[in-house]
Amino acid sequence: MSEHRYDPREIEPRWQALWARERTWEVVNLEEGASPGAARANEPPSSYVLEMLPYPSGEPHIGHLKCYSLGDAIAHFHRRLGKRVLHPMGYDAFGLPAENHAIRTGVHPRVSTAESIAEFQRQFREWGISIDWSRELATSEPSYYRWTQWIFLELFKAGLAYRREAAVKWCPNDQTVLANEQVDAEGRCERCGCLVEVRQLEQWFLRITDYAERLLADLDVIDWPEHVKTMQRNWIGRSEGAEVTFRCEDFDPAHPVDYPVFTTRPDTLFGATFFVMAPEHPDVLRLAEGTDHEQAAREYVNKALNETNEERGDTEKPKTGVPLGRTVTNPVNGERIPMFVADYVLMEYGTGAIMAVPAHDERDYEFAVTFGLPIRQVIEPLDGDAELPYMGDGVLINSNPQFDGMNNREALAAIVAWLDREGKGHASVNYRLRDWLVSRQRYWGCPIPVVYCDTCGIVAVPAEQLPVELPEIEDYAPRGRSPLASAEDFLNTSCPSCEGPARRETDTMDTFVDSSWYFLRYCDARNDEVPWDAGALAEWMPVDQYIGGVEHAILHLMYARFFTKALADLGHLEFQEPFQALFTQGMVTKDGAKMSKSRGNVVSPAALVQRVGADATRCYTLFIGPPDQDADWSDKGVEGVHRFLGRLWRLAAETAERTGGPAPGLDSPPPAEGDELALLRKTNWAIDKVSTDLRRFAFNTAIAAVMELVNEISRLRDAVSLEALRFAIGTAGSLLFPFAPHTCADVYEQLTGERVWEQPWPEAEEELLEREVYELVCQVNGKVRDRVQASAEATPEQLKDLCRGAPNVIAHLDGKELVKEIVVPGKLVNLVVR
RNA sequence: GCGGCGGUGGCGGAACGGUAGACGCGGGGCCCUCAAAAGGCCCUGUCCGAAAGGGCGUGUGGGUUCGACUCCCACCCGCCGCACCA
């Protein structure tokens, strides 16, 4: 019937051109220097909507499209609620993949990264994402990393960045050090999958452990998904307990050596029957020296250190270890207990040494059984019988008259107090979190801005000399040291302090450093005097809504929180948390599997945009299911959404034709009845539903609600006034705009000649959300037996009468005794019979 | 092992303790057409029944309730995170 054809390939570029020409989505900061409170008094509230910045590699995939569609819907919604919205974009442009690609192909990482960025930009525009391009940045630009370096030096000066030799995770393939977080459970490199080795190297660390307690505590004040908070809590791994000192007097009683241990169970101290050190413990070989076990200990330590994490971390393998031929004294009872070295004790947790209580710890029990060591039970369950090892609560036995008979929880506190008084220990808290290793022996990263001088030591490059620019080099292949070390011009410099000859640091920073502060830079992206203006931050930060994948639940999100707190402590920020609210989107899979080139199941956004348009593709990624859950891609599904958008668009085109072209305004028609009223009701129902759903991120049901409205419009199109039709279609376009901006801008313009994004978000009329008659559900014993028309004003008594009079209810009441009647006004009546 | 999330038609998924299966996909029938594409209309959990209607149905088994996908207890299965963390 219609010659109107829905053609996204014509519609979408037309609107994109307008938004680009008019710079529709740019926001300008309020006047700088003005006091933030005063400047904002007459301004609408601000909203900072941010999706995690992409790593530009190749071209964007469907997961990017989902993420930015999600953020865009929120940004549009906030704008139309009257807020000033900051919605910027940038690129996490340093990193190993670009460098590895360069080593393979010879194309400089800067070139391949720039190409990829250009493709991302092109597609983001083609998707119609409402980005403020005036603030665009790439972390690999000197104008950006200058400030990354500045932040590093601020941390360095505050003692939060430091150098130390450490046993570090080394990837033999990538030829670089990795952070603990970048090594997976099997001891494999997160990026290339090869087995990681341990090496002793001097490295740069950031003191994130100083912030463990605050990173943990402040999780309570942010609006993040509970599972992400839980992951962070687990990662921080706080344990309460005590540090207890065991003394070794085997060498010279006059000069004893103290070995503190951390334990969460000081109540079991009387059950300690031996003592174990980690193979990495610096004293292990010295202790064994001169004993019968010297040779065995040396061999054991060598073997343990050469084992991969995978081999060593296997909890299934039997416990191994070697005696050291020495003893330590248990401070609570003066017993001398034997020392061992065993690989089940980890150097990086606690003090690298433990007291072993086999009766009440599974691992110690296993070790004791293997080596025939004594097992002394010191806690008895209330029913008296325990299978060892027993980890539960109970009453202290075999300990000391002072504590025997006490409940173990009380005893724990009493023993810690006693240790404290005696100077043999104290209450203590331990964290699993390690300091963040940030140096990388690679080329394509932000240079660490320090200089080594033989007279002055480690010297910070003065702020006015920043950035320390990444030099051009020929050969960036890794050889176990940074490729920068062979760039003589870069390496050799003069000391900023004494002006004598000096060498530059040649390591670069972990790319997670770059992305730990980019959200700050967007607030004032073009400032080349300072990293940000305080007023600009006051205006936008913290981010109101952050959006990204759960894969960043620990690393990126923890590091960004750490940076924020550290910078706040240094007086540079006035808030403690960068991301007030977080939404983690689920993955888009294909045939149940993660999309990957090797599987050949990659869905290309560019091809989809060609076929069905950006709007259909965007809508479908959000319609497919709850956006925080993983969802499987269906080509048929996206076509369904395309058909739906076409139906809406054609309805608008036909209606505009019937009204003789656009007419300004979209007022609700006057009260009506019959179909006219039904359509009006449905329209208001949709306004209410979509508004509610947008606030709770239920985008799938929001889109479904507009589909329902459009179905209703199609059904009633010939039965209602043009005015009602126009209102319903225009409202459908208005409500769907955050998801399908091009199509809806077009729908709205055809009907009104106006720009939908400049219109306030529609508001439902209360009286149209209520019905004066409804279908009363009539139940007998909880089963639906009939439905009858009921008036909204009917009293409970009248509703009961209606129900009892319903034909099919009568049939089920026959001969039974009515014992109870439940009335839920507006819903149902339930008759209970016997 | 610990922690978290989930299990609903052929499929993706809806459902403040109150009509289970909205919306979409797929399937079936029909209209438009010379035909096709596009578009439109109707049906579609399952079993019995010509129909009216009825039985059964949200992983399993219990419980609370007039009423349970929803709340409680126990269990099974799947996914994710952490894991020799003292």
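Here is how names work: the chains are called A, B, and so on, in the same order as the sequence lines, proteins then strands, and each is numbered from 1.
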Between A:Asn808 and A:Arg647, just flag the one whose closest nucleotide in RNA chain B comes earlier from the 5' side.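 Its nucleotide being nearer the 5' end, the pick is A:Arg647.
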Heavy-atom nearest nucleotide on RNA chain B for A:Glu708 versus A:Thr264: which residue maps closer to 5'?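 Counting from the 5' end, the first nearest nucleotide belongs to A:Glu708.
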So is A:Lys319 actually on top of A:Tyr344's ring, under 6.0 Å and inside 45° of the axis?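 Yes; both conditions hold, so A:Lys319 lies above the ring face of A:Tyr344.
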Relative to A:Trp235, does A:Arg561 satisfy both conditions: NZ or CZ under 6.0 angstrom from the six-membered ring centre, and within 45 degrees of the ring's axis? no
How far, in whole Å, is [M] from [N] if one measures between their [atom1] atoms?
N: B:rG13; M: B:rU65; atom1: C1'; value: 29 Å
N: B:rG26; M: B:rG12; atom1: P; value: 15 Å
N: B:rU58; M: B:rA14; atom1: C1'; value: 12 Å
N: B:rG28; M: B:rG81; atom1: P; value: 41 Å
N: B:rG53; M: B:rC16; atom1: C1'; value: 32 Å
N: B:rG45; M: B:rG40; atom1: C1'; value: 27 Å
N: B:rG54; M: B:rG59; atom1: P; value: 25 Å
N: B:rG63; M: B:rA68; atom1: P; value: 12 Å

Under 4.0 Å protein heavy-atom contact, by nucleotide of nucleotides 11-16 of chain B - B base, S sugar-phosphate only: -BSSSB
Contact list please: residues 267-276 of chain A against RNA chain B, heavy atoms, distance less than 4.0 Å, in numerical order. none
Listed range with range, the stems formed with RNA chain B by at least 3 consecutive Watson-Crick or G-U pairs (under 3.5 Å) are B:1-7 with B:76-82, B:10-12 with B:23-25, B:26-31 with B:39-44, B:45-48 with B:53-56, B:59-63 with B:71-75
Under a 4.0 Å threshold between the charged nitrogen and the carboxylate oxygen, would [Y] count as salt-bridged to [X]?
X: A:Arg363; Y: A:Glu366; value: no
X: A:Lys800; Y: A:Glu797; value: yes
X: A:Lys689; Y: A:Glu708; value: no
X: A:Arg618; Y: A:Asp615; value: no

Would a distance-only check, ignoring hydrogens and angles, find a side-chain to backbone donor-acceptor pair under 3.5 Å from A:Arg238 to A:Arg233? no
In Å and rounded to the nearest 0.5 Å, what is the CG to CE distance from A:Asp283 to A:Met277? 5.5 Å
Among B:rC84, B:rA86, B:rU19, which is the nearest nucleotide to the side chain of A:Gln779?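 Among B:rC84, B:rA86, B:rU19, the one nearest the side chain of A:Gln779 is B:rU19.
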Which nucleotide in B:rG39, B:rU19, B:rG55 has an atom nearest any side-chain atom of A:Arg643: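 The closest nucleotide is B:rG39.
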Value in whole Å for how far the [atom2] atom of [N] lies from [atom1] of [X]:
X: A:Lys783; N: B:rC66; atom1: NZ; atom2: P; answer: 17 Å
X: A:Asp7; N: B:rA38; atom1: CG; atom2: C1'; answer: 13 Å
X: A:Asn830; N: B:rU19; atom1: CG; atom2: C1'; answer: 12 Å
X: A:Arg787; N: B:rG53; atom1: CZ; atom2: P; answer: 10 Å

Look at the aromatic rings of A:Phe699 and A:Phe697 and report parallel, tilted or perpendicular, splitting at 30° and 60°. perpendicular
For A:Trp633 and A:Tyr620, take the angle between the two ring planes, folded into 0 to 90°, and tell me which bin it lands in: parallel under 30, tilted 30 to 60, perpendicular over 60.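 Rings of A:Trp633 and A:Tyr620: perpendicular, as their planes differ by over 60°.
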Ignoring hydrogens and geometry beyond distance, is the side chain of A:Asn234 in donor-acceptor contact with the base of B:rC82 at under 3.5 Å? no
Does A:Phe367 reach the side chain of A:Phe340, with side-chain heavy atoms less than 4.5 Å apart? yes
Could you tell me whether the side chains of A:Asp786 and A:Asn808 share a donor-acceptor contact shorter than 3.5 Å? no
